[in-house]
There are 2 protein chains.
Amino acid sequence: MSPRKALDDEPCPVARSVDVIGDRWSLLILRDAFDGMRRFGDFQRSLGVARNILSDRLRKLVEAGILETRAASDGTAYQEYVLTIKGEGLFPVVVALRQWGERQLFARGERHSELIEKSTGQPIPFMSPKAGDGAELAPAETEVRKLR
Amino acid sequence: MSPRKALDDEPCPVARSVDVIGDRWSLLILRDAFDGMRRFGDFQRSLGVARNILSDRLRKLVEAGILETRAASDGTAYQEYVLTIKGEGLFPVVVALRQWGERQLFARGERHSELIEKSTGQPIPFMSPKAGDGAELAPAETEVRKLR
DNA sequence: TCAATCGGTTTCGTTTTGCAACTGGATTGA
DNA sequence: TCAATCCAGTTGCAAAACGAAACCGATTGA
């Protein structure tokens, strides 16, 4: 089999993003990271992922500049994985996945976890692409201007 | 090896979403679908994916209710894969990936394709989670209220 | 009518994944 | 203090997913 082709020279930003975080475990690691999780063992227990896979994904996320390692904040000799500024920029991606899941993947009345605003305790309003004037944009009202 | 564990009974909406669309090819198929692509051969040429893999992903997306098949609109005997309402709900996910990629994965001055509003030709403003009062929300200002 | 195209499926070898066992340093506790 | 345990991985192996190419019947275009 030929190895998976890298998409890091594609002119499409979606392709490049998917190349970096477009897999199951990376996305779930990010979810937990946004939830404040930092330690290898915490990720491992939360995700139930094999240690070698977790190790590999954390390394790749660090290489990609999405996470960085630093000394543990609890004084132990271990290290933590924390989101960089670049990594924090992925918040809309995780929120979009969460909101679609909430709307489309739960039966009516089925309970699920929920993203809330800390200061008010209120759920976060649905996030969607808006035009310059603030109007909600349907996919058909947009198009990709391709490079040429 | 044990088979990949399904996440479709997780209480976390992110986990369920990732279980359905959290892989390289599904996300790229969706990108193209939002770009108006409908035919098997068009996806195949656009993505450069192996036919068997494309076939598998399209089937899974149809099973998940994200795409549906219908008779081709060009009068031929073939079929098309088009986004359902449920699938259209993934627009924010693709837009979020695109906008993060645009900001973080291109060198300054490096050209990339761009999502624009058809009616004005203007680029789509950056999309981000907002509080009830419209204020932009940083990750630290939110938290996940877990089920119990 | 006959070659080319379409939309797959099959086969086969490679890569990736998952699990369990192992490692070696840090920490805890008796 | 020193054994037991925890932590954060790494290694080896088997199974699953993947990629390329060959194959296939139906459809289309010339």
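Letters A, B, ... mirror the listed sequences (proteins, then strands); counts begin at 1. All values below come from the heavy atoms of this structure, side chains included, with hydrogens, waters and symmetry mates left out.
Looking only at side-chain heavy atoms (C-beta outward), B:Gln99 and B:Leu115 stay at 4.5 Å or farther from each other. Side-chain contact check for A:Ile29 versus A:Leu54: some heavy-atom pair is nearer than 4.5 Å.
Rounded to whole Å, the distance from NZ on B:Lys60 to P on D:dC18 is 6 Å. Going from atom CZ of A:Arg24 over to atom C1' of C:dG18 covers 11 Å, rounded to whole Å. One atom, CG of B:Leu54, and another, P of D:dC18, lie 13 Å apart when rounded to the nearest Å. For the pair A:Asp56 CG and C:dG18 P, the computed distance is 11 Å after rounding to whole Å. Rounding to whole angstrom units, CZ of residue A:Arg39 and C1' of D:dA8 are separated by 9 Å. Spacing between atom NZ of B:Lys5 and atom P of C:dT17 amounts to 16 Å, rounded to whole angstrom units. Put simply, CG on B:Leu28 is 16 Å from C1' on D:dG19, counting in whole angstrom units. Taking atom CG on A:Asp42 and atom P on D:dA8, their separation rounds to 8 Å, with Å as the unit.
Heavy-atom nearest nucleotides on DNA chain C were determined for B:Arg59 and for B:Arg4, and the one closer to the 5' end corresponds to B:Arg59. Projected onto DNA chain D by closest heavy-atom contact, A:Asn52 and A:Gly41 fall at different nucleotides, the more 5' of which corresponds to A:Gly41. Ranked by how close their nearest DNA chain D nucleotide is to the 5' end, A:Pro3 and B:Ser2 are led by B:Ser2. Across the interface with DNA chain C, nearest-nucleotide mapping of A:Gly48 and A:Thr76 shows A:Gly48 to be the residue nearer the 5′ end.
Salt-bridge formation is not detected for the pair B:Arg39/B:Asp32: no Lys NZ or Arg NE/NH1/NH2 atom is positioned less than 4.0 Å from an Asp or Glu carboxylate oxygen. Ion pair A:Arg70/A:Glu80 not flagged as a salt bridge, since none of the NZ, NE, NH1 or NH2 atoms sits closer than 4.0 Å to an Asp/Glu carboxylate oxygen. Salt-bridge check for A:Arg16 with A:Asp19: failed, with every basic side-chain N at 4.0 Å or more from each acidic carboxylate O.
Of the candidate nucleotides D:dT10, C:dG7, C:dG18, D:dT10 has the atom lying nearest to any side-chain atom of A:Ser55. Among the nucleotides C:dT17, D:dA26, D:dG12, the one closest to the side chain of B:Tyr78 is D:dA26.
Counting non-hydrogen atoms under 4.0 angstrom, A:Tyr81 reaches the backbone sugars and phosphates but no base. Counting any heavy atom pair closer than 4.0 Å across all strands shown, B:Gln79 reaches sugar-phosphate atoms only and no base atom. Using a 4.0 Å heavy-atom cutoff across all strands shown, B:Arg57 reaches sugar-phosphate atoms only and no base atom.
For the pair A:Arg51 and D:dA8, the criterion of a side-chain N or O lying under 4.0 Å from OP1 or OP2 is not met. Between B:Trp25 and D:dA17 there is no side-chain N or O to OP1 or OP2 distance below 4.0 Å.
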